[in-house]
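Accompanying notes for the structure given below.
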2 protein chains.
Amino acid sequence: MQYETGLFRKFLEKRGLRVTQTRMQIAETVFSTHKHFTPDELAEWVRKKDSSTGRMTVYRTLGLLVESELVEELTLRKGQNLYEHVVGHKHHHHMICLRCGRIQEFSNEALESLPRQVARQKGFTATSHAIKIHGFCKACSPIANGHRGGGEGETVGVASSRAQVGSGEPSET
Amino acid sequence: MQYETGLFRKFLEKRGLRVTQTRMQIAETVFSTHKHFTPDELAEWVRKKDSSTGRMTVYRTLGLLVESELVEELTLRKGQNLYEHVVGHKHHHHMICLRCGRIQEFSNEALESLPRQVARQKGFTATSHAIKIHGFCKACSPIANGHRGGGEGETVGVASSRAQVGSGEPSET
DNA sequence: ACTGGTATTGATACTCAATACCGGGATTAT
DNA sequence: ATAATCCCGGTATTGAGTATCAATACCAGT
């Protein structure tokens, strides 16, 4: 984590931005967890250390972290963005369970190179890519299959309840 | 298009929902274009035929169209969802230009099967997947490369202006 | 140290997509 | 016809994200 904050410091300096305590504290908080989080969750965590930190500053610093490419923005849900810190991680993608809402990560060699190749064939220079798989996780698959009888137009009644997956403090890996 | 609206009608009947003129008119409008659209854009198009149609109904019918799997919801942008009708199309994915905002489609055989396989290996039953590639389109690549000098921390100043890509009537393919 | 200028911060107000609610109207079954 | 639903559309509400702006913190040069 020392390492990640160091990178962020370097990024700020290179951009001629000030390395303030508030910014570093937000960055530390981000790097102290490997969970996905919303801006407001992050704000809450930060405020446990320094209750005076404003929501705006969290949003702004999060923007800087994304620009520095130390943090990635995930558009997995509808009305809300999730973020995750990506330094020191293997690049990965996400599977979202339609029933319990759990988000699971996975990575695969071929899935890293292929999209870029395909893009290049079309004259498109890829800088990043994201793969999102919807379906049913291990635990929910049997249940979901039980409900779905044959397979005609029966794609109903799923995807409503959302599981609550952790919400307290940020946790180490 | 006759075909697609027929499928929607069947879906409604199977669900015990009424096949109302309003719903069919919204569906027709959706199937009359292959563009991406926001719910409000759709509402505007629909109101050109029947100015009394309410925004709420458009949202609701759009929800039904998604459930029937005739229309897909894309979470490409932040604050706003895009939709596109997918029946009779080859399944495809999207490349989003960071400079001009243009959205380009592509498809690839391997990219269809691979994600599902990988998911299955993890005990996850995939029902759908989406691949999103960010980068620079053919037109913007040279410009972007020109701006980006070497390649250290220089990932700045990009991704701000958004191109306006069509806005009038829905158009045939 | 002091001063002037700039960047940063955080409270408040605002925007806008999406949702909830509710009363009136249409459609079907009895 | 009448009752019971379902459907529709207007309005109000929610909530994430953004803009504004005055106050504050920081820095460089004197």
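Note on naming: letters A, B, ... go to the chains in the order of the sequence lines (proteins, then strands), and numbering restarts at 1 for each one. Atom set for the values below is all heavy atoms of this structure, side chains included, hydrogens, waters and symmetry mates excluded.
- Take A:E28 and apply the salt bridge (Lys or Arg N to Asp or Glu O under 4.0 Å) test, not counting sequence neighbours, and it matches no residue.
- Protein atom CG of B:L62 is 10 Å distant from nucleotide atom P of C:dT19, rounded to whole Å.
- Counting Ile, Leu, Val, Met, Phe, Trp and Tyr side chains that sit under 4.5 Å apart, directly or through other members, B:I133 shares a hydrophobic cluster with A:M95, A:F106, A:L111, A:L114, A:V118, A:F124, A:I131, A:I133, B:M95, B:F106, B:L111, B:L114, B:V118, B:F124, B:I131.
- Taking atom CG on A:L82 and atom C1' on D:dG17, their separation rounds to 14 Å, with Å as the unit.
- Atom NZ in B:K78 sits about 15 Å away from atom P in C:dA18, given to the nearest Å.
- Phosphate proximity of D:dG17 to A:N81: present, with a side-chain N or O under 4.0 Å from OP1 or OP2.
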Note to self: Strictly under 4.0 angstrom, non-hydrogen atoms only: write out the protein contact profile of nucleotides 3-10 of chain C, one letter per nucleotide from the 5' end, B, S or -.
What the structure shows: ---BBSBB
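- Annotation: side chain to side chain donor-acceptor pair (under 3.5 Å) contacts of B:K122 (sequence neighbours excluded): none.
- Remark: A:T22 engages no residue in a side chain to side chain donor-acceptor pair (under 3.5 Å) (not counting sequence neighbours).
- In this structure, A:Y59 stands alone, with no Ile, Leu, Val, Met, Phe, Trp or Tyr side-chain heavy atom under 4.5 Å from its own, directly or through other members.
- A:Y59 places its OH atom 15 Å from the P atom of C:dA11, with the value rounded to the nearest Å.
- Following rounding to the nearest Å, A:Q80 (CD) and C:dA17 (C1') show an atom-to-atom distance of 14 Å.
- We find that CD of B:E73 is positioned 12 Å from C1' of C:dA17, with the value rounded to whole Å.
- For the pairing with A:T29, the side-chain hydrogen bond (donor to acceptor under 3.5 Å, both in side chains) check across A:K48, A:K49, A:E44 returns one residue only, A:K49.
- For B:R15 and D:dC7, the CZ to C1' distance is 15 Å, given to the nearest whole Å.
- As rounded to whole Å, 16 Å separates atom C1' of D:dG17 from atom CZ of B:R77.
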